[in-house]
Amino acid sequence: MAKSKGKSSAAKPSKPSKPRPSSSSLSSSALLTLSLAAAAAAYAAYVLRAPPPPPLSPPAAGGLSPFEQRQQGRTLPGADRPACADAAGCAGVGAAECAAPAVASRCCASCFRATCVDLDAACVEKAQRGACYLEAEYMNATCCHACSPDPEDPCSPDPRVRPRVAEGDLGKIFRRGVEEYPQYAPRVYSEDPWVVGFDNLLTDEECQGVIEAVGGKNGEYLKPSTTAQAVKENGRIVLRDVPDDIRTSWNAWCQHAGCYNHPIHERVITRIMDIVGLPHDYAEHMQLLKYGPGEYYRLHHDWIPEQLQALCGPRVFTFFLYLSDVEEGGGTRFPYIKDKDGKPITVMPRKGTAVWWAHGLESNPWQKDDRTHHEAMPPIKGVKLAANYWIHGSDFKGSMAAGCDGRSGVKGRVWRK
Ligand SMILES: O=C(O)CCC(=O)C(=O)O
Ligand SMILES: [Fe+2]
């Protein structure tokens, strides 16, 4: 689990005060108390036990810096969730046995299931709407299971931790970005949904630096573009990059050392994340795009629905950079967002400018805002170079490093709705 989602903000269950009698002689309210106390004991055992899991694979000999390792997804940075599994002989243990700390610890998974229960039929639905942090007191007392990460799935989010971008945050984030960075010439194309341009974000040198950092000096990292598609493999939904007629551009990802160690790339992503006001690790690796005349990306949304179940959560923003001038064509068109004359917004590519938009709703960033569908119109004359910087409301790079960005499979539970 990512460091930024540490346990400190999660409500801690209280400790059981004294040994409990056997359940057979108890009234229903005493049973409820027992169940909650046992849940607390089992949960405390689960949270307090065991060291963090080892790295996915050992760091390369000869030493990449922690920053480089993280960029490459070689470690589990911030993995602070202890493993929770049963030792032999735990089958059938019940709440009463789990009240004993030794049993709760040895039979972590079974005791979690037996004792951390939901007492309200609406717990899951409420948890999926953020109630575990919005109504923490009630939910902690009532919805132990729905408000806990799955102890056997290290990729499950902790529903008690409010992500950095949650209900009611989008407007504040966009307004701050516009108000605090006049030097980049912000321009508000739309407030509902938010689409903000920056007419003076990057110098020519910075545009060239980004192109070379991500794409390579001679464009050697550029490949025909693909899209992420969900496929079922061995019973799990996994994401695969597949060629797709919807998109005929070329792209390269900043996932090589020449890129993420490049000082201009670093300067540019720092500028973007300063404007957005989120930690660097919340962003995906930058993706460079190249469109020759006639190449395009048809109407689509940048939302990846499978990420609703992933530790990183869905993409919340696209911060899109224009890195070349295009003689004719090549705009980014938002057909469902109208300007003051009632015409769909089209942001025209101009070197050094940018456009930033949101993917989810202000009231619920886990719900896709269909109005931010968009398309890349083909350049008619000239070549368009641009870059995507996709940003999540939680730690993306940590999630990716842990194999929890939704690519390598999500379990059945839907964490947000
Ligand atoms: O090239 C553009 O204008 C937009 C590209 C885009 O929407 C994407 O790559 O997801
Ligand atoms: Fe897009």
Side-chain angles (χ1 to χ4, degrees), residues 64 67-68 70-73 198 200-228 240-244 246-273 280-281 283-298 300 302 315 317-332 347-356 374-391 396-397 400 405 407:
L64 294 170
F67 172 72
E68 288 173 319
R70 186 173 187 122
Q71 292 292 321
Q72 294 191 2
F198 291 93
N200 182 26
L201 186 74
L202 305 175
T203 63
D204 286 0
E205 184 215 5
E206 286 166 345
C207 291
Q208 192 53 34
V210 168
I211 293 165
E212 286 187 15
V214 189
K217 270 210 170 338
N218 302 305
E220 60 271 24
Y221 290 103
L222 283 163
K223 305 252 155 51
S225 293
T226 53
T227 55
R240 292 274 171 264
D241 291 321
V242 295
D244 190 339
I246 194 176
R247 192 180 193 193
T248 60
S249 54
W250 295 73
N251 70 252
W253 289 93
C254 182
Q255 284 180 313
H256 46 95
C259 180
Y260 48 70
N261 286 326
H262 195 294
I264 292 185
H265 167 266
E266 181 65 14
R267 196 198 303 163
V268 169
I269 62 171
T270 299
R271 190 168 305 158
I272 297 172
M273 296 315 269
H280 280 210
D281 291 339
E284 298 184 25
H285 300 87
M286 185 173 280
Q287 185 192 53
L288 179 72
L289 298 171
K290 182 178 175 191
Y291 303 79
E295 292 176 343
Y296 57 81
Y297 191 173
R298 301 267 192 249
H300 69 280
D302 294 348
R315 291 169 171 170
F317 301 121
T318 297
F319 204 107
F320 194 75
L321 307 175
Y322 297 97
L323 302 169
S324 69
D325 289 315
V326 181
E327 257 182 273
E328 200 184 336
T332 310
V347 181
M348 292 312 290
R350 209 158 47 73
K351 195 174 183 177
T353 66
V355 61
W356 170 31
H374 55 279
E375 63 185 312
M377 307 302 287
I380 294 166
K381 231 190 227 179
V383 170
K384 172 175 161 188
L385 289 158
N388 279 304
Y389 206 52
W390 284 301
I391 301 165
F396 175 82
K397 297 238 176 59
M400 182 180 167
D405 58 342
R407 291 204 156 257

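Computed from a predicted structure; not experimentally measured.
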To the nearest 0.5 Å, how far apart are [atom1] in [X] and [atom2] in [Y]?
X      : Y      : atom1 : atom2 : answer
Met348 : Thr353 : CE    : OG1   : 10.5 Å
Lys290 : Leu323 : NZ    : CG    : 13.0 Å
Lys384 : Ser249 : NZ    : OG    : 8.5 Å
His285 : His256 : NE2   : NE2   : 10.0 Å
Ile264 : Thr203 : CD1   : OG1   : 7.0 Å
Tyr296 : Arg247 : OH    : CZ    : 12.0 Å

Just so I know, are the side chains of [X] and [Y] near enough to count as touching, which here means a heavy-atom distance under 4.5 Å?
X      : Y      : answer
Thr227 : Tyr297 : yes
Leu202 : Arg271 : yes
His280 : Thr270 : yes
Glu295 : Leu289 : no
Val210 : Glu206 : no
Gln255 : Tyr221 : no
Tyr389 : Leu321 : no
Asp325 : Arg350 : yes

Got a donor-acceptor contact below 3.5 angstrom from the [X] side chain to the [Y] backbone?
X      : Y      : answer
Lys381 : Pro293 : no
His300 : His374 : yes
His265 : Ile211 : no
Asn388 : Trp390 : no

Handout entry: Selection residues 251-265 - residue pairs positive for salt bridge (charged side-chain N to carboxylate O under 4.0 Å, His left out), sequence neighbours left out
Key =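 Listed by first then second residue: nothing to list.
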
Exercise for the section: Scan for salt bridge (charged side-chain N to carboxylate O under 4.0 Å, His left out) pairs involving residues 211-221, sequence neighbours excluded, and state none if there are none. Expected result: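 Pairs touching residues 211-221 that pass the test: Glu212-Lys217.
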
Exercise for the section: Would you please name every residue forming a disulfide (SG to SG under 2.5 Å) with Cys259, sequence neighbours left out? Expected result: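 Result, disulfide (SG to SG under 2.5 Å) vs Cys259: Cys254.
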
Minimum-distance pair of heavy atoms, taken over all atoms of [X] and [Y]:
X      : Y      : answer
Gly352 : Cys207 : N-SG, 3.5 Å
Gly329 : Pro349 : O-CG, 3.7 Å
Leu222 : Ala252 : CD2-N, 3.8 Å

Handout entry: All side chain to side chain donor-acceptor pair (under 3.5 Å) counterparts of Thr226, not counting sequence neighbours
Key =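 In terms of side chain to side chain donor-acceptor pair (under 3.5 Å), with neighbours along the sequence ignored, Thr226 is linked to no residue.
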
Problem - Counterpart residues, ring-ring contact (aromatic ring centres under 6.0 Å, His included), relative to Phe319 (two or more places apart) - result: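 In terms of ring-ring contact (aromatic ring centres under 6.0 Å, His included), with neighbours along the sequence ignored, Phe319 is linked to Phe198, Trp356.
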
Problem - Listed partners of Tyr322 passing ring-ring contact (aromatic ring centres under 6.0 Å, His included), at least two apart - result: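 For Tyr322, the residues satisfying ring-ring contact (aromatic ring centres under 6.0 Å, His included) (neighbours in sequence not counted) are Phe320.
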
Handout entry: Arg267, CZ atom: more than 12 neighbouring heavy atoms under 6.0 Å
Key =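 It does: Arg267 CZ has more than 12 such atoms within range.
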
